[in-house]
Amino acid sequence: MDEAIGFLESELDRAVTGFGQAAPADNVVPIDTLRSQATLRERERRFRELLDALPAAVYTTDAAGRITYYNDAAAILWGYRPPLGSSEWCGSWKLFWPDGTPLPHDQCPMAVALKERAVRGLEAAAERPDGTHVPFIPYPTPIHDEKGKLIGAVNMLVDITDRKRAEDQQALLVRELHHRVKNTLATVQAIMGSTVTRSARSNSTTFCGANSMPSTTAAMSALC
């Protein structure tokens, strides 16, 4: 890669030298500027290759919120490929809060990050054009230049479908366990109630038999 950059710089030097001989000096772009631009383009290319390789959904916007880039993982999460330069804030077809309340795009975490600050700890759900929902956690972060001016933002969307499915399964198991415990307690209470009733009846019969013995003895004495 370094050899390729060196070759590119040599070609730029040669082109600028020839251009400078054929044109007035005020029309010549300084070689340092061209080299800086070439280096910047190379760094941007490497950065995009890195983002393309990430398994997480990543996209960027300009300072106005217009989407300038997204990787394949983002397109998969959204369920389609929104047009660059015109789609704003987020590429999702529709957005919802976890409770199902609609989330306007201009109020989504990315919009908040561009207007105020980085957003953390929120969850949302994206609706695809086919109607399926994908729960995710966003990590929108503003980007500033060396002078502190806002130039855009980058956002990573972490798909939490598997986690939500596991949470739902756990909640189902807890509900099933609660139901079984409730039924078991009802059975135990019924058994205990039946036992107490039988015991009470037995004690009542014994007590009545004991009370009838003096009357029987008196009757026998009268006969004598």
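We use all heavy atoms of the structure for the numbers below, so side chains are in, but hydrogens, waters and symmetry mates are not.
If you take CG on L157 and CE on M110, they are separated by 8.5 Å, rounding to the nearest 0.5 Å. To the nearest 0.5 Å, atoms OH (Y139) and CZ (R120) are separated by 7.5 Å. Within the model, atoms CD1 of I151 and CD of E146 stand 8.0 Å from one another, a figure rounded to the nearest 0.5 Å. The CG atom of L114 sits 4.0 Å away from atom OG1 of T61, with the distance rounded to the nearest 0.5 Å. Note that CZ of R128 is 15.0 Å distant from NZ of K94, once rounded to the nearest 0.5 Å. Rounding to the nearest 0.5 Å places CG of L150 at 9.5 Å from CG of D62.
Considering only heavy atoms from C-beta on, C90 comes within 4.5 Å of W78 through its side chain. Between L122 and I137 there is no side-chain heavy-atom pair separated by less than 4.5 Å. Side-chain contact check for P102 versus W97: every heavy-atom pair is 4.5 Å or farther apart. Inter-residue side-chain proximity for M156 and T141 is flagged as unmet; no heavy-atom pair is nearer than 4.5 Å.
A salt bridge does not link D52 with R45: none of the charged nitrogens is closer than 4.0 Å to a carboxylate oxygen. With salt bridges taken as basic N to acidic carboxylate O contacts below 4.0 Å, none links D145 and K149.
Here the options are N155, V154, T68, the test is side-chain contact (heavy atoms from CB on, under 4.5 Å), and the partner is Y59; only N155 passes.
A cation-pi arrangement, defined by a distance under 6.0 Å to the six-membered ring centre and an angle within 45 degrees of its axis, is present between K115 and W89.
Between F96 and H133, the ring-plane angle classifies as parallel under the 30° and 60° cut-offs.
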- Can you list the steps and then say if I67 with T60 is a side-chain contact (heavy atoms from CB on, under 4.5 Å)? CA-CA 6 Å; I67 296 178; T60 61; over 6 Å; no
- Yes or no on side-chain contact (heavy atoms from CB on, under 4.5 Å) for E88 and D106, after CA distance, side-chain angles and deciding distance? CA-CA 8 Å; E88 294 182 325; D106 60 357; over 6 Å; no
- Output, in order, the C-alpha distance, side-chain angles, deciding distance and verdict of side-chain contact (heavy atoms from CB on, under 4.5 Å) for D130 and W93. CA-CA 10 Å; D130 62 4; W93 187 258; over 6 Å; no
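Between L77 and A126 the shortest heavy-atom distance is CD2-CB, 4.2 Å. Listed here is the closest heavy atom pair of V119 and P109: CG2-O, 3.6 Å. Minimum heavy-atom separation, P55 to A73: O-CB, 3.5 Å.
H105 places a side-chain N or O within 3.5 Å of a backbone atom of S92 that can act as its donor or acceptor partner. Panel note: side chain N71, backbone V58; a donor-acceptor pair is recorded below 3.5 Å.
F136 and Y80 fall within the same hydrophobic cluster, where Ile, Leu, Val, Met, Phe, Trp and Tyr residues are linked whenever their side-chain heavy atoms come under 4.5 Å apart, directly or through other members. Under the 4.5 Å side-chain heavy-atom criterion for Ile, Leu, Val, Met, Phe, Trp and Tyr, V158 and L51 are members of the same hydrophobic cluster.
Residues S87 and R81 bring no donor and acceptor atom of their side chains to less than 3.5 Å of each other.
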